[in-house]
**Q** 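Sharing a structure here in structure tokens format.
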Amino acid sequence: MTTIDRYTCEEVVRRLDDYVDRELSPREMQLMREHIETCAACAKEHAFAVATLLTLKAKLRRIEVPRDLMAHVALR
């Protein structure tokens, strides 16, 4: 079995959500980072994913969560 020394654009797009969520192994994170740093198209996809996540988080922070929902979630 050969080791992967770089990712293709297809692999980056497929793993982008996991990369943004930091759910990849350290080696996979490195491969993703290296590709994104050298590929303008994938860098653009990454920037879009990060911006979308930040916008979503900001909007969710403005929503008041009912207390009974928070209590229910805390019990799980």
**Q** To the nearest 0.5 Å, what is the distance between NZ on Lys57 and CZ on Arg62?
**A**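 Here the interatomic distance stands at 15.0 Å.
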**Q** How long is the gap from OH on Tyr7 to OG1 on Thr38, to the nearest 0.5 Å?
**A**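 The OH atom of Tyr7 sits 14.0 Å away from the OG1 atom of Thr38.
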**Q** Could you pull out all donor-acceptor pairs under 3.5 Å where a side-chain atom in residues 39-49 meets a protein atom, sequence neighbours excluded?
**A**
none

**Q** Measure the CE-CG distance between Met32 and Leu16 for me, rounded to the nearest 0.5 Å.
**A**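 If we round to the nearest 0.5 Å, Met32:CE and Leu16:CG are 5.0 Å apart.
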**Q** Taking all non-hydrogen atoms of both residues into account, name the closest pair between Tyr19 and Ile36 and its distance.
**A**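 Looking at all heavy atoms of both residues, the closest pair is CE2-CD1, 3.7 Å.
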**Q** Under the rule for ring pair (Phe, Tyr, Trp, His ring centres under 6.0 Å), what residues qualify as partners of His35, not counting sequence neighbours?
**A**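 Partners of His35 by the ring pair (Phe, Tyr, Trp, His ring centres under 6.0 Å) criterion come out as none, since no residue qualifies.
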**Q** Name all residues meeting the side chain to side chain contact (heavy atoms under 4.5 Å, CB included) criterion together with Pro66; count only those two or more places apart in sequence or in a different chain, and write none if there are none.
**A**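 Once residues adjacent in sequence are excluded, the partners of Pro66 under the side chain to side chain contact (heavy atoms under 4.5 Å, CB included) criterion are Asp68, Leu69.
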**Q** Among residues at least two apart in sequence or on other chains, which ones pass side chain to side chain contact (heavy atoms under 4.5 Å, CB included) with Gln30?
**A**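 For Gln30, the residues satisfying side chain to side chain contact (heavy atoms under 4.5 Å, CB included) (neighbours in sequence not counted) are Arg27, Arg33, Glu34.
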**Q** Are Leu56 and Val50 connected in a single hydrophobic cluster, I mean Ile/Leu/Val/Met/Phe/Trp/Tyr linked by side-chain heavy atoms less than 4.5 Å apart?
**A**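 No: no chain of side-chain contacts under 4.5 Å links Val50 to Leu56.
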**Q** Under a single-linkage definition using a 4.5 Å side-chain heavy-atom cutoff for Ile, Leu, Val, Met, Phe, Trp and Tyr, are Val12 and Leu53 assigned to the same hydrophobic cluster?
**A**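 Both belong to a single hydrophobic cluster.
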**Q** Please name all residues satisfying side-chain hydrogen bond (donor to acceptor under 3.5 Å, both in side chains) with Ser25, sequence neighbours left out, ordered by chain then number.
**A**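 For Ser25, the residues satisfying side-chain hydrogen bond (donor to acceptor under 3.5 Å, both in side chains) (neighbours in sequence not counted) are Glu28.
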**Q** For Ile63, check side chain to side chain contact (heavy atoms under 4.5 Å, CB included) against everything at least two apart and list the hits.
**A**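 With sequence neighbours excluded, Ile63 shows a side chain to side chain contact (heavy atoms under 4.5 Å, CB included) to Leu60, given in chain and number order.
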**Q** By side chain to side chain contact (heavy atoms under 4.5 Å, CB included), which residues pair with Arg14, not counting sequence neighbours?
**A**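 By the side chain to side chain contact (heavy atoms under 4.5 Å, CB included) rule, Arg14 matches Glu10, Glu11.
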